[in-house]
Protein chains: 2
Amino acid sequence: MNQFNWDQAFTLDFDLNDGLSKHAETTKRYLSQMKDMYQDQQVVEEILKNDDPLIYEFYELGCPERAGDLAFGTTMIHPGKIGNEYYMTKGHFHQIVDTAEVYYTLKGEGYMMLENLEGDWKVERMERGKALYVPRGYAHRTINTGDEILTAFYVFDANAGHDYGTIETKGYHHIVCDIDGEMKVLDNPRW
Amino acid sequence: MNQFNWDQAFTLDFDLNDGLSKHAETTKRYLSQMKDMYQDQQVVEEILKNDDPLIYEFYELGCPERAGDLAFGTTMIHPGKIGNEYYMTKGHFHQIVDTAEVYYTLKGEGYMMLENLEGDWKVERMERGKALYVPRGYAHRTINTGDEILTAFYVFDANAGHDYGTIETKGYHHIVCDIDGEMKVLDNPRW
């Protein structure tokens with residue numbers, strides 16, 4: 001989809017409360033598209049027998065992948081769990097690894113899981129009214145630990161690209177789970 | 001000021017209503033710092049005899065000017081007029097001209113005045129909940145035409161740099177004024 005001329009100024013609405021635009025369609029990620037990423041494969045299979053829940057959605061506005069352009073939009077992670085693991089995005093490195101990304105949380109609460117190629121990692125809290133800087137070199141995954149949709153406005157270099165493969169193959173070193181009603185960061189047993 | 005380590009993830013609060021952070025200081029631009037930019041120099045002199053009004057402020061967070069980093073923050077343009085010309089930012093080209101910028105308006109209303117080196121220009125409406133794409137190659141100036149502070153969250157390539165000089169010398173081809181209570185775009189008589 002590319003409804004915009006990125007050589008001309010344009011505006012696009014994103015509701016400050018729920019992040020939604022009335023003039024663009026979200027890209028949707030269902031459980032079936034990321035089923036291998038959750039730890040409890042038995043629960044995943046069980047759920048997929050009857051249902052294919054929407055885990056997250058985001059706007060891809062078709063920004064050309066040119067130096068100097070900036071891709072932007074909102075992302076919305078729905079509330080829920082697969083077993084005790086919170087709904088999350090696939091997460092990705094940028095293909096040009098040393099490119100940053102900025103998030104500004106509009107609603108909800110959760111965490112960003114960050115990890116670089118050397119295995120250095122960090123979780124950062126995301127909450128309404130907080131900007132989050134994802135530094136160069138860090139894969140990032142958004143995790144919704146709350147009861148409502150977690151939504152954030154994001155901006156990154158349009159030519160940064162996305163590398164999902166590295167994360168799909170190896171996962172993150174850590175996972176974020178609900179243990180007796182509390183958010184806990186655990187070692188990924190499948191790493 | 002550089003209180004952040006840009007090689008590590010960090011968060012910073014920006015109130016979703018007024019754009020203000022409780023943990024950073026704004027850079028402030030007073031009339032005296034941009035007095036030549038307004039058309040009615042007599043009014044400017046008159047005002048500066050007794051006062052030096054705050055026109056706008058913004059957060060400079062000290063992002064290193066490296067490829068792949070992103071500078072971000074909020075900008076707040078106060079409401080008011082110099083003669084019939086609305087309060088506005090200085091406006092600037094990026095030093096690397098072909099770099100874009102994204103604004104997401106949190107409060108208030110106004111316009112972005114855009115102009116490239118070939119003289120192509122456009123005004124785009126800014127209002128709460130609208131993202132604005134400033135394309136590569138366009139100088140941009142934010143203008144507050146409303147009664148309250150106009151505030152927006154912004155992101156741009158940290159190595160883009162700012163070129164204020166080109167605008168300070170020549171101005172924009174057009175100015176935005178209140179004519180009998182209505183916002184009008186007029187030719188800049190001083191161009």
Side-chain angles (χ1 to χ4, degrees), chain A residues 4-17 21 59 61 63 66-74 94 96-107 112 114 116 120-138 140 153-158 160, chain B residues 4-17 21 59 61 63 66-74 94 96-107 112 114 116 120-138 140 153-158 160:
Chain A
F4 306 106
N5 176 355
W6 296 78
D7 292 317
Q8 289 291 319
F10 66 86
T11 60
L12 185 63
D13 62 304
F14 292 104
D15 189 288
L16 267 160
N17 210 15
S21 173
Y59 290 99
L61 302 175
C63 186
R66 302 179 302 195
D69 275 312
L70 294 167
F72 69 96
T74 53
H94 291 156
I96 300 175
V97 173
D98 275 341
T99 49
E101 186 157 349
V102 175
Y103 287 78
Y104 183 47
T105 301
L106 306 178
K107 185 180 185 169
M112 186 72 79
L114 300 121
N116 72 7
D120 182 48
W121 67 280
K122 199 174 184 185
V123 277
E124 278 286 340
R125 176 104 175 127
M126 295 178 75
E127 58 190 41
R128 182 178 158 78
K130 267 200 180 170
L132 165 65
Y133 196 66
V134 175
R136 309 183 307 168
Y138 280 78
H140 38 286
F153 184 77
Y154 65 85
V155 181
F156 62 93
D157 278 335
Chain B
F4 306 107
N5 176 355
W6 297 77
D7 291 317
Q8 288 292 319
F10 66 87
T11 60
L12 186 64
D13 62 304
F14 292 105
D15 190 290
L16 268 159
N17 211 14
S21 173
Y59 290 100
L61 302 175
C63 186
R66 303 180 301 196
D69 275 311
L70 294 167
F72 68 95
T74 53
H94 291 155
I96 300 176
V97 173
D98 275 342
T99 49
E101 186 155 347
V102 174
Y103 288 78
Y104 182 47
T105 301
L106 305 179
K107 186 181 185 169
M112 185 71 79
L114 300 121
N116 72 9
D120 183 50
W121 68 281
K122 200 175 182 184
V123 276
E124 277 286 340
R125 176 101 174 127
M126 294 178 76
E127 58 190 40
R128 182 178 157 77
K130 266 198 182 172
L132 164 66
Y133 197 67
V134 176
R136 307 183 308 167
Y138 280 78
H140 37 287
F153 184 77
Y154 64 85
V155 181
F156 62 92
D157 278 335

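Note that these values count all heavy atoms, side chains included, but never hydrogens, waters or copies made by symmetry. Everything numeric here is computed off the predicted structure, so don't read it as measured data.
- Expressed to the nearest 0.5 Å, how far CD of A/E101 lies from CZ of B/F72 amounts to 12.5 Å.
- A donor-acceptor pair shorter than 3.5 Å cannot be found between the side chains of B/N5 and A/Y133.
- Heavy-atom distances place both the backbone and the side chain of A/D13 under 4.5 Å from chain B.
- Residue B/I96 does not touch chain A at all, counting heavy-atom pairs closer than 4.5 Å.
- Using a 4.5 Å cut-off between heavy atoms, B/A67 touches chain A through its backbone atoms (N, CA, C, O) alone.
- Neither the backbone nor the side chain of A/N17 comes within less than 4.5 Å of any heavy atom of chain B.
- To the nearest 0.5 Å, atom CZ of residue A/R128 and atom CG of residue B/D15 are 8.0 Å apart.
- Annotation: maximal heavy-atom pairing with chain B below 4.5 Å, among A/V134, A/V97, A/N116, A/D98, occurs at A/D98.
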request  = Quick one: do B/F153 and A/V102 satisfy side-chain contact (heavy atoms from CB on, under 4.5 Å)? Show the steps, please.
outcome  = CA-CA 11 Å; B/F153 184 77; A/V102 175; 3.7 Å; yes
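- Heavy atoms only, all atoms of each residue included: A/A9 and B/P135 are closest at N-CG, 3.5 Å.
- Contact annotation for A/L132: both backbone and side-chain heavy atoms come within less than 4.5 Å of a heavy atom of chain B.
- Ranked by non-hydrogen atom pairs under 4.5 Å with chain A, the options B/V155, B/L106, B/L70 are led by B/L70.
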ask   = Given the rule in the side-chain contact (heavy atoms from CB on, under 4.5 Å) test, do A/Y138 and B/Q8 qualify, once you have shown the distances and angles that lead to the verdict?
value = CA-CA 9 Å; A/Y138 280 78; B/Q8 288 292 319; 3.7 Å; yes
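- Of the atoms belonging to B/D69, heavy atoms from both backbone and side chain fall under 4.5 Å from chain A.
- For chain B, the nearby part of A/T105 is the backbone; its heavy atoms alone come within less than 4.5 Å.
- Between chain A and the residues B/M112, B/R136, B/H94, the largest count of heavy-atom pairs under 4.5 Å involves B/R136.
- Looking only at heavy-atom pairs under 4.5 Å with chain B, the residue among A/D7, A/L114, A/D120 that has the most is A/D7.
- Of the listed residues (A/M126, A/R66, A/H140), the one with the most heavy-atom contacts under 4.5 Å to chain B is A/R66.
- Interface summary for chain A: among B/A160, B/S21, B/G137, B/A131, the most heavy-atom pairs under 4.5 angstrom belong to B/A131.
- Atom OG1 of A/T11 is separated from atom OH of B/Y104 by 12.0 Å, given to the nearest 0.5 angstrom.
- To the nearest 0.5 Å, atom NZ of residue B/K130 and atom CG of residue A/L16 are 12.5 Å apart.
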